[in-house]
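What follows is a short report on a single structure.
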Amino acid sequence: MTEVDWAEVEKKVAKEAFDRAYQREINALLQEVRQRASTILELRDMWQLHDFLSARRHEIDGKYDYRYSVLIFVFAGLVKEGWLDIDELAGLQKDKLTKVAALARM
């Protein structure tokens with residue numbers, strides 16, 4: 001899957017979908033952090049929030065990889081997790097959409 005060709009129109013569709021999914025996940029994270037922060041009563045609670053944020057940062061930084069060689073897998077994961085709908089990838093070649101859909105079902 002490392003030698004995938006992306007047409008210019010596909011690159012535009014991919015970038016928009018990628019950014020949309022990222023923003024959705026970040027917005028959900030911000031909401032969760034606000035909720036968790038509002039319940040901090042002790043120093044231990046603050047360190048737990050820190051640990052949660054560190055883990056989420058590592059997860060998000062690893063997940064959102066915009067290299068064309070791995071985008072099919074990234075999109076499949078985002079569809080599987082619910083951050084992206086397969087319909088938002090309309091405009092990609094049929095073979096790419098088929099691969100994303102198949103991988104998302106695994």
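These values consider heavy atoms only, across backbone and side chains, with no hydrogens, waters or symmetry-generated copies. Bear in mind that the values here come from a model prediction, so they are computed numbers and not experimental data.
Counting only heavy atoms from C-beta outward, the side chains of Trp6 and Lys96 approach each other to under 4.5 Å. Residues Val100 and Leu71 fail the side-chain proximity criterion, which asks for heavy atoms closer than 4.5 Å.
What you find for Leu97 and Leu92 is that their closest heavy atoms are CD1-O, 3.6 Å. Minimum heavy-atom separation, Ala17 to Leu89: CB-CD2, 3.6 Å. Closest approach of Ala76 to Ala104, counting heavy atoms only: O-CB, 3.6 Å. When all heavy atoms of Gly91 and Val13 are compared, the closest pair comes out as CA-CG2, 4.2 Å. When all heavy atoms are compared, the tightest approach of Trp83 to Ala28 is CH2-CB, 3.7 Å. The nearest pair of heavy atoms linking Val74 to Asp65 is CG2-O, 3.4 Å.
With sequence neighbours excluded, the residues forming a side chain to side chain contact (heavy atoms under 4.5 Å, CB included) with Lys12 are Glu16, listed by chain and number. With sequence neighbours left out, Tyr64 forms a ring pair (Phe, Tyr, Trp, His ring centres under 6.0 Å) with Phe18, Tyr22.
In terms of hydrophobic clustering, with Ile, Leu, Val, Met, Phe, Trp and Tyr side chains grouped at heavy-atom distances under 4.5 Å, Phe75 and Val9 are assigned to different clusters.
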- Task: Any chance you could lay out the side-chain contact (heavy atoms from CB on, under 4.5 Å) test for Val79 and Asp85, step after step, and finish with the verdict?
- Result: CA-CA 6 Å; Val79 169; Asp85 189 279; over 6 Å; no

- Message: Determine whether Ile60 and Leu29 satisfy the following criterion, side-chain contact (heavy atoms from CB on, under 4.5 Å), listing intermediate values before the conclusion.
- Response: CA-CA 10 Å; Ile60 289 171; Leu29 177 59; 3.8 Å; yes

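Results of the side-chain hydrogen bond (donor to acceptor under 3.5 Å, both in side chains) test with Glu32 over Arg34, Gln35, Arg36 single out Arg36 as the only residue that passes.
Under a cut-off of 6.0 angstrom, the local environment of CZ in Arg24 is crowded, with over 12 non-hydrogen atoms contributed by other residues, nucleotides or ligands.
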Side chains of residues 45-55: which donor-acceptor partners sit under 3.5 Å, not counting sequence neighbours?
residue	atom	partner	partner atom	Å
Asp45	OD2	Leu41	N	2.9
Asp45	OD2	Glu42	N	2.9
Ser54	OG	His50	O	3.1

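Checked for salt-bridge contact, Glu81 and Lys63 meet the test: a charged N lies under 4.0 Å from a carboxylate O. Using a 4.0 Å cut-off between charged side-chain N and carboxylate O, Lys15 and Glu10 make no salt bridge.
Looking at Gln23 and Asn27, their side chains do bring a donor and an acceptor atom within 3.5 Å of each other.
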